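Here is the naming used below: chain letters follow the sequence lines, and residue numbers restart at 1 for every chain. Just so it is clear, the structure is predicted and the values come from calculations on it, not from any experiment. Only heavy atoms go into these numbers, but all of them, side chains included; no hydrogens, no water, no symmetry mates.
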Amino acid sequence: MTAALLFSTLMPDETKALAKGLRRRDPELLDRLIEQYQYRLFRYLVYITGNPERAQDFFQETWIRVLERGHQYDGKSKFEPWLFSIARHLVIDWQRSKKKQSLDALTNPDDGAPMEFAADGPSPLHLVLSHESDATVHASLKQLPPAYREVLLLRFQEEMGLAEIASVLSAPISTVKSRLYRALKDLRGLLSGETT
Amino acid sequence: MNEGPHARAERLIAEASVEGISAGEQEWLRRHLAECAACATNAGSTEEAIRSLRGLSVPLPRALASQTQMRVRLRAQQLQSYEPRWRMVWAACLVSWAFGAASAPYVWHGLEWLGHRMNLPNLVWQMGFGLWWALPAVVTAVILLITQSGPVREEEL
């Protein structure tokens with residue numbers, strides 16, 4: 001599936017045509033984009049919200065935002081980071097409205113606890129991921145702060161470069177790198193049974 | 001700063017997966033891992049963690065795309081219906097600005113004359129001139145507020 005998703009990444013000429021289409025609010029184009037990016041965007045939202053139901057709401061809101069602000073996409077950069085950053089900002093706005101403290105969960109992982117998991121029983125993220133075989137990875141991911149899960153997903157599932165991740169996060173590349181190193185180290189530790 | 005071989009290996013293992021390392025560094029790391037079991041284990045667990053991450057998948061809700069497409073189309077229609085109104089607002093702003101700019105000297109002299117005739121302090125009639133200029137902006141703001149409150153009411157239904 002990952003290989004197929006990689007091939008679906010848009011080429012530079014396509015991004016310009018895409019920008020034109022978004023400016024026109026071309027409904028056919030939007031339909032195609034929703035189909036094309038549904039899995040990747042939904043997966044990203046599940047990772048950062050930790051809740052599939054909420055991820056569905058954000059998924060729909062993200063595409064509404066793409067429709068409304070399509071003229072802001074210049075077509076010079078890749079579409080994926082732009083799309084993901086819209087989704088991310090929606091989640092951050094929601095967190096901000098929910099409570100101030102939880103904003104840190106995505107912006108500053110060292111200060112905040114993971115935002116969404118219930119104290120008892122499996123988390124929504126765990127439940128949704130439990131359809132797959134590797135329960136250890138799920139349990140380990142669950143213990144990582146959302147900001148770490150986010151960079152791991154963008155780097156190793158989305159295969160984004162550091163600059164692209166930085167544009168999604170609106171953060172310097174140095175921050176992206178340090179989060180990735182820390183996230184990878186924590187995940188490795190969790191997978192091998194160490195405590196972080 | 002002196003870096004021991006194990007610390008260097010640990011750094012390179014992480015860098016290789018995050019940002020990539022040079023051919024020389026790859027060769028050094030390969031040789032070190034062949035000799036050092038602890039670092040080889042470290043490299044193996046890093047590789048395994050990344051492989052596990054890549055292997056994860058999330059089940060996609062079946063109707064998510066079609067529901068989203070429908071919502072987006074409805075919103076697109078809604079936005080399209082507002083476009084003529086927006087064009088009217090912009091046209092009205094343009095005309096208002098043009099008339100305002102053309103008539104500004106006359107309004108200034110008129111207010112000055114009125115101010116002197118009514119023995120008003122200069123500041124008062126000058127503020128009146130400022131308000132006269134702000135009037136189109138106030139009207140436009142009211143129109144925008146009315147326009148923006150429309151979709152909320154429709155969604156509530």
For the residue pair A/F42 and B/P59, what are the closest heavy atoms and their distance? CE2-O, 3.4 Å
Nearest-0.5 Å distance that lies between atom CG in B/L60 and atom CZ in A/R43: 11.0 Å
Given a strict heavy-atom distance threshold of 4.5 Å, which part of B/R71 is in contact with chain A: side chain, backbone, both, or neither? both
Of all heavy-atom pairs between B/E15 and A/Y181, which one has the smallest distance, and what is that distance? CG-OH, 3.0 Å
Considering non-hydrogen atoms only, spot the tightest contact between A/E68 and B/L79 and give its length. CG-CD1, 3.9 Å
Could you list the residues that satisfy side-chain hydrogen bond (donor to acceptor under 3.5 Å, both in side chains) with B/R51, not counting sequence neighbours? B/E48
Would A/E61 and B/R75 pass as an ion pair if we require N to O under 4.0 Å? no
Can you hop from B/F99 to B/W97 via hydrophobic side chains spaced under 4.5 Å? no
Those residues of residues 24-47 of chain B, ordered by number, that approach chain A below 4.5 Å (heavy atom to heavy atom): B/N42, B/S45, B/T46
Interatomic distance, OG@B/S57 vs CD@A/Q157, rounded to 0.5 Å, equals 8.5 Å
I'd like to know if A/Y37 and A/V91 are part of one continuous hydrophobic network [Ile/Leu/Val/Met/Phe/Trp/Tyr, side-chain heavy atoms within less than 4.5 Å]. yes
What part of A/I64 gets within 4.5 angstrom of chain B, counting heavy atoms only: side chain, backbone, both, or neither? both
Rounded to the nearest 0.5 Å, what's the gap from CD on B/Q67 to CZ on A/F59? Could you check? 10.5 Å
Could you tell me which portion of B/E10 (side chain, backbone, both or neither) has an atom closer than 4.5 angstrom to a non-hydrogen atom of chain A? side chain
Honestly curious: do B/L12 and A/L162 fall in one hydrophobic cluster under the side-chain, below-4.5 Å linking rule? no
Any non-hydrogen side-chain atom of A/L141 less than 4.5 Å from a side-chain atom of B/L53? yes
A/L184 side chain near B/I50 side chain, heavy-atom distance below 4.5 Å: yes
Are B/I13 and B/V18 linked, directly or through other ILVMFWY residues, by side chains that come within less than 4.5 angstrom of each other? no
What heavy-atom pair brings B/L56 and A/Y47 nearest, and what distance separates the two atoms? CD1-OH, 3.4 Å
Determine whether a donor-acceptor pair (N or O, by modelled atom type, separation under 3.5 Å) exists between the side chain of A/R25 and the backbone of B/A76. no
Would you name the heavy atoms of A/F156 and B/S17 that are closest together and state the gap between them? CE2-O, 3.4 Å
Where A/I34 and B/A65 come nearest, the two heavy atoms and their spacing: CG2-O, 3.8 Å
Chain B interface, residue from A/D31, A/L67, A/L180, A/L30 that has the most non-hydrogen pairs under 4.5 Å: A/D31
More than 12 heavy atoms from other groups under 6.0 Å of CH2 on B/W108: yes
Interface moiety of B/S66 toward chain A, non-hydrogen atoms closer than 4.5 Å: neither
Verify same cluster id: B/L131, B/V107 (apolar side-chain graph, 4.5 Å): no
